[in-house]
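FYI, side chains are in, hydrogens and waters are out, and symmetry mates aren't considered; it's all heavy atoms of this structure. Naming convention: chains lettered A, B, ... in sequence-line order (proteins, then strands); numbering from 1 in each chain.
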Amino acid sequence: MSITIERPAEQSNRPDQTPIVNDFTINVATVNGSGSQTANATIIRALFKMGIPVTGKNIFPSNISGLPTWYTIRVNKNGYTARRDSTEILVAFNNQTADADLESLKAGAVCIHPQDLVLKDKANRPDITFYTLPVKQMVKEANVDVKLRDYIANMVYVGALMELLSLDPGQVKGALQAHFKGKAKPVEINYGVVQKAAEYVRNNLPKQDPFKVEPMNATSGKFMIDGNSAGGMGAVFGGVSFVAWYPITPSTSLVDAINDYLPELRHDEETGKATYAVVQAEDELAAAGMVFGAGWAGARSMTATSGPGISLMTEFTGLAYFAEIPGVIWDIMRMGPSTGLPTRVSQGDVLKTYFLGHGDTKNIILLPGNMKECFEFGWRAFDVAERLQTPVFVLSDLDLGMNLWMTEPFDYPAEPMDRGKVLDAPQLKELQGKWARYEDVDGDGITYRTLPGNDHPAAAYFTRGTGHNTQASYSERPDDWENNLARLSKKHDTARNLVPAPVVDEKPGATVGIISYGSADPAVVEARDYLREDGIETSYLRIKALPLNETVREFIGKYDHVYVVELNYDAQMRSLLQLHTPEYATRLIATNKCDGLPLTAQFIMDKVKQGEGAA
Amino acid sequence: MSITIERPAEQSNRPDQTPIVNDFTINVATVNGSGSQTANATIIRALFKMGIPVTGKNIFPSNISGLPTWYTIRVNKNGYTARRDSTEILVAFNNQTADADLESLKAGAVCIHPQDLVLKDKANRPDITFYTLPVKQMVKEANVDVKLRDYIANMVYVGALMELLSLDPGQVKGALQAHFKGKAKPVEINYGVVQKAAEYVRNNLPKQDPFKVEPMNATSGKFMIDGNSAGGMGAVFGGVSFVAWYPITPSTSLVDAINDYLPELRHDEETGKATYAVVQAEDELAAAGMVFGAGWAGARSMTATSGPGISLMTEFTGLAYFAEIPGVIWDIMRMGPSTGLPTRVSQGDVLKTYFLGHGDTKNIILLPGNMKECFEFGWRAFDVAERLQTPVFVLSDLDLGMNLWMTEPFDYPAEPMDRGKVLDAPQLKELQGKWARYEDVDGDGITYRTLPGNDHPAAAYFTRGTGHNTQASYSERPDDWENNLARLSKKHDTARNLVPAPVVDEKPGATVGIISYGSADPAVVEARDYLREDGIETSYLRIKALPLNETVREFIGKYDHVYVVELNYDAQMRSLLQLHTPEYATRLIATNKCDGLPLTAQFIMDKVKQGEGAA
Amino acid sequence: MTTDVKPSNEKLNKLGLDKLEYKGRPSTLCAGCGHDSITSQIIGVCWELSINPQHLIKMSGIGCSSKSPAYFMNRAHGFNTLHGRMPSVTTGAMLANRELKAIGVSGDGDTGSIGLGQYKHLLRRNVPMVYIIENNGVYGLTKGQFSATADLGQKLKYAGTNELTPIDLCLEAVASDCGFVARSFAGDAKQVRELLKAALSYNGTAVLDIISPCVTFNNHEESTKSYPYGKAHEERLHDINFIESKDEIQVDYDPGTTRMVQMHDGPIIQLRKLGEDYDPTSRAAAMKLLEEAHSKQEFITGLLYIDQTRQTLPELHNLPRTALANLPAEKLRPSKEALDKIMAEMLA
Amino acid sequence: MTTDVKPSNEKLNKLGLDKLEYKGRPSTLCAGCGHDSITSQIIGVCWELSINPQHLIKMSGIGCSSKSPAYFMNRAHGFNTLHGRMPSVTTGAMLANRELKAIGVSGDGDTGSIGLGQYKHLLRRNVPMVYIIENNGVYGLTKGQFSATADLGQKLKYAGTNELTPIDLCLEAVASDCGFVARSFAGDAKQVRELLKAALSYNGTAVLDIISPCVTFNNHEESTKSYPYGKAHEERLHDINFIESKDEIQVDYDPGTTRMVQMHDGPIIQLRKLGEDYDPTSRAAAMKLLEEAHSKQEFITGLLYIDQTRQTLPELHNLPRTALANLPAEKLRPSKEALDKIMAEMLA
Ligand SMILES: Cc1ncc(C[n+]2csc(CCOP(=O)(O)OP(=O)(O)O)c2C)c(N)n1
Ligand SMILES: Cc1ncc(C[n+]2csc(CCOP(=O)(O)OP(=O)(O)O)c2C)c(N)n1
Ligand code: SF4
Ligand code: SF4
Ligand SMILES: [Mg+2]
Ligand SMILES: [Mg+2]
């Protein structure tokens, strides 16, 4: 059967433009549950394998199927990976949002859409290049099972983009092969549609826009991954032996990754047994209890959750802080307060998590800013937790955790595992059983513990969240209480230089400082380049952990204006910085936004220029 | 039967001293569960009724019976009510602690103890006046039921103190009558022992110390009460209609007070029905859920809890903040983190409660500083909560809540109840059903709500903790989210001048500012007098609520040094002040302590003098 | 405002409302989800029984199931609370205003995992409400993990094999002294409807545990929570009919084949014997039935247990008919004289 | 270090330990508190069975009861966790180190109110431990409020009248598929002792719901949780005897009057009939018994239910005998080669 096609009416004849190569954003608007992920992954992988820097971000709804979802693919020859506000190429495959999506396009953009999708404003947008695809017919022709039709429909836009942007067909096919793990049949079906669509475009829709790609060599030695997979892998290489968790978006895929890697990497061939246990708890309260129960008993213990789970872990965090029990809690931050926007990003838990617990508590927080750090903190968090005998939070977020990022290969942990100050039976024997659980022998605030099951008759101690003396005995004495809090504070000070140090990039002649952390980093990196071009040189400090240390103070001390860039409403890190450096409290300028989307370089640039009187 | 007494050996002959009148502290050391409360209350009431200012503080253990407890009674002619570190008169009735209690006495102090209590160091303390009482024999003579023996034994020290200090016997007897609600028999038995003990002292133990009382006229028009009773009474006069709670020290007695007052004051005679419901929930999570369920449905709804309960209410607080539901949460602060010291005081939940909830949350907090404010905030909290449609925390503490304080009578609420912006069916009819739940009609950030059951067909809206637009419809739109957070912030700004304003006492010539709140107040008041005597004049601002307003900023602006006095380890209010006034961040001096005991004037004085180079 | 109007035509109910006025917003659940079919039964039954939407509250936790209240009765106040915490919020609301009727919708994760404690304590308190569990054996909204009601040994591609014994939320209800416990199947529209009607007439907590297949994550034939399995294996305890109370009820029935249960406000539930006779008023019988069904893996539906003797929570609290929420200031704030009196006593 | 030493005299057990070495710190509970008498049974039984204290963990929540672990076996690690949360902490600990034995002590408030959800989910998971509920019907530590196990209609001076039906924590355990469910009375030292021994031999969660009078707040005669009531009304299901496993066991018994239950690691529980014959291996029978006891307000003690077929949680997780906590670094951290391989795949 042959395709009968009506020649689209809207093809305008534009003057030839200078091509825009490897620098644009594609926005694929579909309905969730329609399987567009395969299509988008194919495009990304093809681009990446052509050596062109690329990132993919999914803006998806909090339901399972039928609601709007947008997948943005940023292609950028300079390697910038932050979100951009504008889209050059819209793939308008969702009826519900197509009109609004079109409206948001700027002049010169491209809109690719199925023939049966009617765009209200099409006639009024001569500034847009439209490409109309006979999707229904092509799907019909593909003659596949009903269940697969949506998937196949998405291959049509893959084909169109391949043709219009000059994607390497070999890489597109290769991406499909990788996706289907080499299974010939699905590759054949899908790639067939891709080819047909490309052919259709080639024959019927002459190229009218300037956007195209050209092979580069900027991605070799790199791969693409999401932060939750990286973090999960890191945890496995960190020797995680116990995980308790409760499903919650966007943290679930971190535990999924752990569950994927564990059976392969951590099966004990000698015994045929597992070297780990992963428990789906009945809620986050129980998950936290299990994590600290296991941490107390000596496991490398962790959970992953998001805002609501963090709230529910408040009481247990206080217990573990005060009874000094290691445990790792990943918070893949989503938008709060409350249930908030479960599928949108924020950095809104920083302040809360730092102080989590009633009474006087101050927690340790690691703040990964890229895929390598997600992996690294995946293992390092255990070392920090066991060294400091305290809960360690790893605050990633939905953008880092669930979106696709380029990265260099991960480094194998350079240091052996740090199991912290644990006294075993022979050591106790040597000490003639003389030890006290909460005695600061080394002057760093960190005391020695024993694990249950230790065979030495003097090994046991009693763990409690109530007041205790150095011997771990119950005490209501004012001095015992004060001494203990003072020692915990000393331990917190020890932590300042034990946790990952900030990354500082000081530029000669810089007049302005920028501080940021986590997923805000790519936008800062990009904004700094633009600012430099506009005559504003900046120095940059990226925080990788809390508590803060002297490096941060020194950095702030050097600049009259320090812009604190973050993704929350209350400028939470700015607050923590102000409390850390009251002497510089007024030079810390809140540069924050909180609308559920990742930050853009433009936003930062605007804020800094405005602050510097250059806007 | 007559008493055979060996004349105590230790009576030394001291030179006559100038009497110390109405200015000393009695410390009664007993075992808890031994009924010393009756004895202590008798002494306090007798003193109070003699017109002498007095306060009683109980330092008790976290168990039910058998452990050490100390009851300190401060007698002070100037009306100072703060705790003092030193004791002038020790009633050493507890074997377990007697030696340590004696050790802590300074020269010139008095020690009253039973004959069979052996004090290790007695011989080495010629600087102490000892009075030894034949308690066992007296109890035996009283010939009471076994169960009452401990109670009776305590009457022995009442009698001794009556004689030694010149307490008015009529007032002592009157206090017993008040305690036993006029029942003749127990009064007779107890007062009999009191008299015998007094007689014994009179006949056998000549007065060797300078401490005594003299009637004054400083307490007329006042009475004594604890903050939980005052708060509970206030809630009842605030029209509380729903209480859900879970028992926890030291908040339980607040709900007990409510339960005591409600049947009497709020029984509906017309219907014979209750105008309220008090539910003992299964835990604090459920208590919070019930409170906000009832608040949503239109009740004046509250709970009372302490630190661990606050931790468990984190998630619900975020929901109520974001869905904008009124509800009152009393936190009678005890020592945390974790289970901490359940029977010791702290102000450790201030920072945590202000930010309680994940994501960007900022809560309203009322901070009563005396009995009148406990009562006032008891009713006012509902007005604030319903006006602002948000959780309102009342942060009292164990010292305010469970100890006995003098107060003037409480004022009847001057304003009618404020039920906030609630649209009923006739109002909706007038609006022709046109309203939007989250639309800021008045520009103050506070929007209109309807209650379930409202008969107008357009009354209903859907409440959720997820993103929503002004119509309360689910929304993931970035602008809806941002607008909503911005409006919530505006509402928070509205709150700044709606909550009780700080009390400011500015002194001409003051060089130093002091800021404090809650139960820290009495120590500040006392310290200021001493500092003035020592040449340091101070101005004082007492915070009565959060969020902070411009009055606070202006106050801080006037002094180079502002001492922030509080009872926690991390200087939590100091932090909030620094965040509120970053321009003055370095002049805010942490003046904090955290050992489970109420603050002393001495501590504050030392800190200020040290800070002012006058130590 | 809505007043009791005689229906002018067949499309209007006793309140004069069209069925359309019982609708909610368009569902955003997956096409074919069991939850949506329950939603449409709720709409139908409430319309049919002329439940006043303005006197109803729609309560839920978090999950696909818990989204349902947004999809029925726009004219009723709704509250999508926290995961697992619908019971406590509803308890507060129903004490604040006992004139309301409440329909709660929850999921097996929401009720059986995180919410089990609150569920049990709600039942113990006998808070008047219809408590619907849309039970699909998985966490739909978080994409297919096993819930606590998943069968032992069940396999799912994503979640692996479930190794824990399932919680039976009906047995839990009976153990917690709940006085109305029923199980049904979203594919059995008629039974769901009649049980819903009965539940709405019950004075106390009425639990409906409805197997409601998740077509996206748990609908293959081997799953006991699937449509195919339910259709093939459902065993009705009885044929149930709800008979609305009229001024005079005259129902002829054969006591040998039919049981009649009169609800406290008039209507009658007619239970026609299908297999063995079953006495739903015996708590012991209900436990035995559920224990046997558990050990034999049977899917038994119907009204498992009914007991109308327990007092409800508002009754226990001696609450007035007028909602606490609607009491005037005079009833809430004691007089100045009352305070003066207390102050005088204090000063004495 | 302690090794298996033959007892040199009668005061030493098989580990060569004196009973004194099983003691804890002095109790700070009220004189006469039921909890203290249970504590002394724990000490006695653990000494008698030569339980190695260094391989035991003592777990609890918050409450007077939950303080108990501090009062026995100083040589064992103890953890006084959070109110109602002992189950989750113990779950974590027992997976981290399955070589340990765990004794958990909780209260009726700790387990039945705030902790009900965790209790039920622990049982569902079958975490190996002895779970003792020291049940006094009140919150002792917060001074006498009713707990969820208080009887309907019970009166207390401070707390007023309890208007809610009690939760039966044994019925809850049976409903949650717990395989060892027993009820006893702190005043019945012998039965507590024998049940404790049996529980310590059980492979899975063993629940002991022990009525343990609060002498300070709930010990008047009318209270079903008091000493006088317990002494007057306790009905033993059977006379229970625990027979330790020897190399060869030869026990003569009359099957008409006695049931024998062999525990998985050898010992035998002998149940001598007292009234009607009762089969503790039937879940249905256990539910029936508890339902009847509930409706007739009977105080029945003994081993209510035993089922030794369920896998424990560490077994389900295919854990090695060596504690996860004790695995060496090589078993925990995959090799550099493993990472290189993954990286190579990623780069492909
Ligand atoms: C405190 C908290 N933890 C986790 C989540 C994530 N979450 C949302 S729905 C859900 C499970 C829903 O399962 P179920 O109740 O069975 O409803 P279904 O979607 O299957 O209808 C979870 C775990 C949450 N919203 N809140
Ligand atoms: C989260 C939390 N809420 C409340 C409390 C206060 N609290 C301590 S013990 C207890 C009740 C204990 O009752 P139960 O478990 O029956 O033990 P018992 O004292 O009767 O032995 C309560 C409510 C607490 N410690 N933590
Ligand atoms: S995921 Fe399952 S439960 Fe959720 S809407 Fe889809 S079918 Fe229904
Ligand atoms: S209060 Fe009751 S439960 Fe607590 S120690 Fe005393 S007797 Fe025992
Ligand atoms: Mg479900
Ligand atoms: Mg108890």
(request) Pick out which of D:Arg85, D:Lys120, D:Arg125 makes a salt bridge (charged side-chain N to carboxylate O under 4.0 Å, His left out) with A:Glu282. (result) D:Arg125
Below 4.5 Å, heavy-atom pairs only: which of [options] has the largest tally toward chain A?
| options | result |
| --- | --- |
| D:Ala325, D:Ala76, D:Gly78, D:Pro69 | D:Gly78 |
| D:Leu327, D:Leu82, D:Asn326, D:Leu313 | D:Leu82 |
| D:Lys331, D:His55, D:Lys341 | D:Lys331 |
| D:Ser335, D:Gly117, D:Ala323 | D:Ser335 |
| D:Pro334, D:Ala96, D:Ala93 | D:Pro334 |

Closest heavy-atom contact between [X] and [Y]?
| X | Y | value |
| --- | --- | --- |
| D:Ser88 | A:Ala286 | CB-O, 3.4 Å |
| D:Asn97 | A:Pro452 | ND2-O, 3.6 Å |
| D:Leu347 | A:Lys49 | O-NZ, 3.0 Å |
| D:Ala338 | A:Leu265 | CB-CD2, 3.8 Å |

How long is the span from the [atom1] atom in [X] to the [atom2] atom in [Y], to the nearest 0.5 Å?
| X | Y | atom1 | atom2 | answer |
| --- | --- | --- | --- | --- |
| D:Asp340 | A:Phe410 | CG | CZ | 13.0 Å |
| D:Thr322 | A:Lys273 | OG1 | NZ | 10.5 Å |
| A:Asn454 | D:Arg75 | CG | CZ | 11.5 Å |
| A:Tyr276 | D:Leu324 | OH | CG | 10.5 Å |
| D:Leu319 | A:Ser241 | CG | OG | 10.0 Å |

(message) Quick one: does any side-chain atom of D:Lys336 pair with a main-chain N or O of A:Asp411 as donor and acceptor, under 3.5 Å?
(response) no
(message) Checking the side chain of D:Arg333 only, and the main-chain atoms of A:Gly239 only, is there a donor and an acceptor separated by less than 3.5 Å?
(response)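 No; zero donor-acceptor contacts below 3.5 Å.
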Relative to chain D, which segment of [X] carries a heavy atom at a distance below 4.5 Å: side chain, backbone, both, or neither?
| X | value |
| --- | --- |
| A:Arg464 | both |
| A:Thr219 | neither |
| A:Leu285 | both |
| A:Phe316 | both |
| A:Ile325 | side chain |
| A:Phe375 | side chain |
| A:Arg437 | neither |
| A:Ala244 | neither |
| A:Val278 | backbone |
| A:Phe242 | side chain |

What part of [X] gets within 4.5 angstrom of chain A, counting heavy atoms only: side chain, backbone, both, or neither?
| X | value |
| --- | --- |
| D:Gln118 | both |
| D:Asn74 | backbone |
| D:Ala344 | neither |
| D:Leu339 | both |
| D:Met59 | side chain |
| D:Arg25 | side chain |

(message) Taking NZ in A:Lys372 as the centre, count heavy atoms belonging to other residues, nucleotides or ligands within less than 6.0 Å. Is the count above 12?
(response)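 For A:Lys372, atom NZ is crowded (more than 12 foreign heavy atoms under 6.0 Å).
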(message) Just checking A:Glu430: does its CD atom have more than 12 heavy atoms from other residues, nucleotides or ligands closer to it than 6.0 angstrom?
(response)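 Incorrect, the count does not exceed 12.
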(request) Begin from the C-alpha positions of A:Val240 and D:Leu332 and carry the test side-chain contact (heavy atoms from CB on, under 4.5 Å) through to its verdict. (result) CA-CA 7 Å; A:Val240 60; D:Leu332 292 177; over 6 Å; no
(message) Would A:Phe223 and D:Met343 count as a side-chain contact (heavy atoms from CB on, under 4.5 Å) here? Give the steps.
(response) CA-CA 9 Å; A:Phe223 61 89; D:Met343 289 299 108; 3.6 Å; yes
(request) Applying side-chain contact (heavy atoms from CB on, under 4.5 Å), run through D:Ile342 and A:Tyr261 and close with a yes or a no. (result) CA-CA 10 Å; D:Ile342 297 176; A:Tyr261 285 116; 4.1 Å; yes
For chain D, the option from [options] that forms the most heavy-atom pairs under 4.5 Å:
| options | answer |
| --- | --- |
| A:Thr450, A:Thr271, A:Val291 | A:Thr450 |
| A:Tyr474, A:Tyr412, A:Trp379 | A:Tyr412 |
| A:Ala472, A:Ala299, A:Gly453 | A:Gly453 |
| A:Gly238, A:Gly174, A:Pro413 | A:Pro413 |
| A:Ala297, A:Ala460, A:Gly298, A:Gly433 | A:Ala460 |

(message) For a 4.5 angstrom cut-off between non-hydrogen side-chain atoms, does D:Ile57 reach A:Trp296?
(response)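 In short, these two side chains touch, coming nearer than 4.5 Å.
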(message) In the structure I gave you, are the side-chain heavy atoms of D:Asn80 and A:Thr463 within less than 4.5 Å of one another anywhere?
(response) no
(request) Please work out which of the three classes, parallel, tilted or perpendicular, describes the rings of A:Tyr461 and D:His77, given edges at 30° and 60°. (result) perpendicular
(message) side-chain contact (heavy atoms from CB on, under 4.5 Å), that's the test. Do D:Met346 and A:Met233 meet it? Break it down for me.
(response) CA-CA 12 Å; D:Met346 287 295 206; A:Met233 199 194 295; 3.8 Å; yes
